[in-house]
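Below: one structure, written as structure tokens.
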Amino acid sequence: MRILYLSTLLLSFAQVYSQKPQSLPQTINSLLTSEFNPSLSANGRVMVLQAPVGNFDEGGVAISYQRAGTWSRPEQVPGITAAGEKVFNGAASLSHDANYIFFSSNRRGGIGGQDIWFVEKRGTSWTLPKNLGKPINSEKIETDPSLSADGKTLYFTRLTGAKGSKGESCGKIFYAERMGVDGWSEPKEMPAPINSGCECNASILADNATLTFASNRAGGKGHFDQYMTKYVNGKWGSPVALELINTPQEDKYISIPASGDYVYHSIAAGKGTDVARTKLPDHTKPLKTLLIQGNISSSSKLSLFSVNKNKFVTVSPNSSSYFFILPEKETYELTFAPNSKGSAYQHLYINLDTLKKFKELKYDINAVRLKPGVVLNLNNTKVNEDFTIDPKSNNELNNLVKLLKDNPTIKIEIVNYPVKGQDVTNNIPADSTGGSNTTILENERTGKVSETIKKFLVSKGIIENRILAKGMDVPKTKTAADSMFVNDAADIIEVKIVSE
């Protein structure tokens, strides 16, 4: 019993200790200066922060990169702060893909007292700052920008002119939806109880369903405290205080990468502040997500289709690279359709029903020329027992229809295999009208599956003699490198190019 007690005590001590703030190394923090406002990329390997670098004593916008587990010394972001300028540049946030830095500034060319600006990374360089313009910016002060992982929603603070109980500048949290490439919708206030009178610094996490923000509402520890709210069943839930990092001081800026393992924040250190991290308890972590990105060897139209919601999430023409953060318990189809004829589309089925933790995946797409012998896999096509096509297969099959229409001279062979481990016979309805069950040999069933897909293609205008349908009696194992890319309920179906 004594041993069990000591083990429990040690475990409790370890859990408490692991949730104590841990200062980042001295490549980030300096003994003589203040570092604060960390903002991390989704993968947690790029950080923007306020740090004095070189001649910028006030703490300009700096950037650091983590390589082999070690953070580089922060460097000033070119173009945001210029030597000799007596302007404010701060409240900076890094986009989840690390390609944009949004910040607040009262530099020339603005609309109001302080506006939201951004710089974009192109290659290894950053562009000159650009004002987001109206309706995001107004005659008032706009600050604390945060862009959602899908790039569709911007959250920010608009100061009201009111002061908090300890003299804090109070604001309201707004959000705006992207319209086109550079346009934004008229900003809307976040609903109560998020806005309660004195809020700032909303940060939308990579799962697009968890929001943190600062508030000096009643019940806090003093000044601004951090709160978290989650989007469930179409609305934001009641905010919960992040007690593990809130202090009597001003806890205004935090950042949580997609893994959700740690929250990055500032702590008092000497006469200033350091950037630290604290381990997050499970109940506060964001949804588990898959970060998938890669390059595309030739210009392609990229589409992301939500199988669960039966709608397109994103359609991007002429893409040469892509970056998506996809939440758990969802299923997607990612399609790369080349703009040039004679190349095969590529289709990626992504099932996140059993995603156990944050995962990062690099998946480059190389152009594949349509020629005899090329095989396309239908990873999400399911034919029901009555030989009707499951509606969730339509998007994948419609992509095949488009390929055949774009390349009217090619012929294909549809080959269906039984799944390894299945019985060689299946009891299935003799027809789709509910007739009596009949035992059909597996190769007869697989042939009927291929014929069903052929009929679908013909119904969409594809000439029948361009399609051969074939069933196999030799089982085949689903061989995808990762189970998330295979719909276990789907048939094993290959589309082979037999002639150009």
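None of the values given here were measured: they were computed from a predicted structure.
Between Gly260 and Pro286, the closest heavy-atom pair is CA-CD, 3.7 Å. Residues Phe213 and Gln226 approach most closely at O-OE1, 3.3 Å, considering heavy atoms. Across every non-hydrogen atom of Ala149 and Ala206, the tightest pair is CB-O, 3.6 Å. The minimum heavy-atom distance between Ile389 and Ile453, with the atom names listed, is CD1-CA, 4.5 Å. Nearest approach of Pro327 to Leu352, heavy atoms of both residues: O-CD1, 3.2 Å. Of all non-hydrogen atoms in Asn398 and Lys460, the two that sit nearest each other are OD1-CE, 3.9 Å.
Not one N or O on the side chain of Asn37 forms a donor-acceptor pair closer than 3.5 Å with the backbone of Leu49. Side-chain atoms of Lys357 never come within 3.5 Å of backbone atoms of Ser259 as a donor-acceptor pair (strictly under, hydrogens ignored). Ser393 contributes a side-chain N or O that, together with a main-chain N or O of Asn380, makes up a donor-acceptor pair within less than 3.5 Å. Side chain of Glu199 to main chain of Ile173: no donor-acceptor pair is present (N/O by atom type, distance under 3.5 Å, no hydrogens or angles). Between the side chain of Thr229 and the main chain of Trp236, no donor-acceptor pair closer than 3.5 Å is present. No side-chain donor-acceptor contact under 3.5 Å links Ser321 to the backbone of Asn295. Although no hydrogens or angles enter the test, the distance criterion places a donor-acceptor pair under 3.5 Å between the side chain of Gln346 and the main chain of Asn366. Remark: side-chain polar atoms of Thr157 are paired, donor with acceptor, to backbone N or O of Asn201 under 3.5 angstrom. Under the 3.5 Å distance criterion, the side-chain polar atoms of Asp491 are left unmatched by any main-chain donor or acceptor of Ile493. Not one N or O on the side chain of Asn131 forms a donor-acceptor pair closer than 3.5 Å with the backbone of Trp117.
Contact annotation: the side chain of Arg178 never approaches that of Thr153 to less than 4.5 Å [non-hydrogen atoms, C-beta and beyond]. A 4.5 Å side-chain heavy-atom check between Leu370 and Leu403 finds at least one atom pair inside the cut-off. Taking the side chain as every heavy atom from C-beta outward, Lys301 and Val315 approach each other to under 4.5 Å. Side-chain atoms of Ile414 and Leu457, non-hydrogen and from C-beta on, do get closer than 4.5 Å to each other. For the pair Met179/Trp184, no side-chain contact is recorded, criterion being any heavy-atom separation below 4.5 Å from C-beta on. By the 4.5 Å heavy-atom criterion applied to side chains, Leu334 and His347 are not counted as neighbours. By the 4.5 Å heavy-atom criterion applied to side chains, Ile256 and Tyr262 are not counted as neighbours. The shortest distance between side-chain heavy atoms of Tyr100 and Leu94 does not fall below 4.5 Å.
At least one cation-pi condition fails for Lys288 and Phe358: the charged atom is not both under 6.0 angstrom from the six-membered ring centre and inside a 45 degree cone around its axis.
Neither side chain, His96 nor Ser41, offers a donor N or O lying under 3.5 Å from an acceptor on the other. The closest side-chain donor-acceptor pair between Thr127 and Glu120, if any, does not fall under 3.5 angstrom. Residues Asn487 and Asn379 have side chains that never bring a donor and an acceptor to within less than 3.5 angstrom of each other. A donor-acceptor contact under 3.5 angstrom links the side chains of Asp207 and Thr210, judged on distance only. Thr335 and Asn399 share a donor-acceptor pair across their side chains, judged by distance under 3.5 Å alone. Counting only N and O atoms by type, the side chains of Ser95 and Asn99 include no donor and acceptor under 3.5 Å apart. A donor and an acceptor atom, one from each side chain of Asn395 and Glu333, are located under 3.5 Å apart.
Annotation: Ile463, atom CD1; neighbour count of heavy atoms from other residues, nucleotides and ligands within 6.0 Å does not exceed 12. More than 12 heavy atoms of other residues, nucleotides or ligands sit less than 6.0 Å from atom NZ of Lys230. Heavy-atom neighbours of Lys402 NZ from other residues, nucleotides or ligands within 6.0 Å: at or below the threshold of 12. The neighbour count for Lys454 NZ, taken as heavy atoms of other residues, nucleotides or ligands under 6.0 Å away, is above 12. The neighbour count for Lys329 NZ, taken as heavy atoms of other residues, nucleotides or ligands under 6.0 Å away, does not exceed 12.
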Legend entry - Derivation of the salt bridge (charged side-chain N to carboxylate O under 4.0 Å, His left out) call for Glu177 and Lys188: CA-CA 9 Å; Glu177 304 290 342; Lys188 296 180 180 179; over 6 Å; no

Inset, instruction - List the steps and the verdict of side chain to side chain contact (heavy atoms under 4.5 Å, CB included) for Leu242 and Ile254. - result: CA-CA 11 Å; Leu242 290 176; Ile254 68 171; 3.8 Å; yes

Inset, instruction - May I have the step-by-step check of salt bridge (charged side-chain N to carboxylate O under 4.0 Å, His left out) for Glu413 and Arg466, ending in yes or no? - result: CA-CA 8 Å; Glu413 181 180 67; Arg466 295 178 61 194; over 6 Å; no

Legend entry - Worked check of side chain to side chain contact (heavy atoms under 4.5 Å, CB included) between Tyr349 and Leu378: CA-CA 9 Å; Tyr349 172 84; Leu378 302 181; over 6 Å; no

Inset, instruction - Would you sort out whether Phe323 and Leu291 count as a side chain to side chain contact (heavy atoms under 4.5 Å, CB included), showing the intermediate values? - result: CA-CA 7 Å; Phe323 175 97; Leu291 190 164; 3.7 Å; yes

Inset, instruction - Check the pair Asp261 / Leu280 against side chain to side chain contact (heavy atoms under 4.5 Å, CB included), numbers first and verdict last. - result: CA-CA 6 Å; Asp261 293 333; Leu280 277 173; over 6 Å; no

Name each donor-acceptor pair under 3.5 Å that joins a side chain in residues 303-313 to protein atoms two or more places apart or in another chain, with its distance.
{"unit_1": "Ser306", "atom_1": "OG", "unit_2": "Lys309", "atom_2": "N", "d": "3.1"}
{"unit_1": "Asn308", "atom_1": "OD1", "unit_2": "Thr331", "atom_2": "N", "d": "2.6"}

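If you take OH on Tyr363 and CZ on Phe485, they are separated by 6.5 Å, rounding to the nearest 0.5 Å. Gln66 CD to Ile28 CD1: the interatomic distance, rounded to the nearest 0.5 Å, is 9.0 Å. The OG1 atom of Thr452 sits 9.0 Å away from atom CZ of Arg445, with the distance rounded to the nearest 0.5 Å. Rounding to the nearest 0.5 angstrom, the gap separating the NZ atom in Lys448 from the CD atom in Glu385 is 14.0 Å. Distance CG/Asn351 to CG/Asp488: 7.5 Å, rounded to 0.5 Å. Taking OH from Tyr155 and OG from Ser146, the interatomic distance works out to 8.5 Å, rounded to the nearest 0.5 Å.
Glu494 and Lys476 are joined by a salt bridge, as a carboxylate oxygen and a charged side-chain nitrogen come within less than 4.0 angstrom of each other. Between Glu451 and Lys470 there is no salt bridge, since no side-chain N of the basic residue sits under 4.0 Å from a carboxylate O of the acidic one.
Aromatic ring centres of Tyr322 and Phe336 lie closer together than 6.0 Å.
Using cut-offs of 30° and 60° on the angle between ring planes, the pair Phe118 and Phe102 is tilted.
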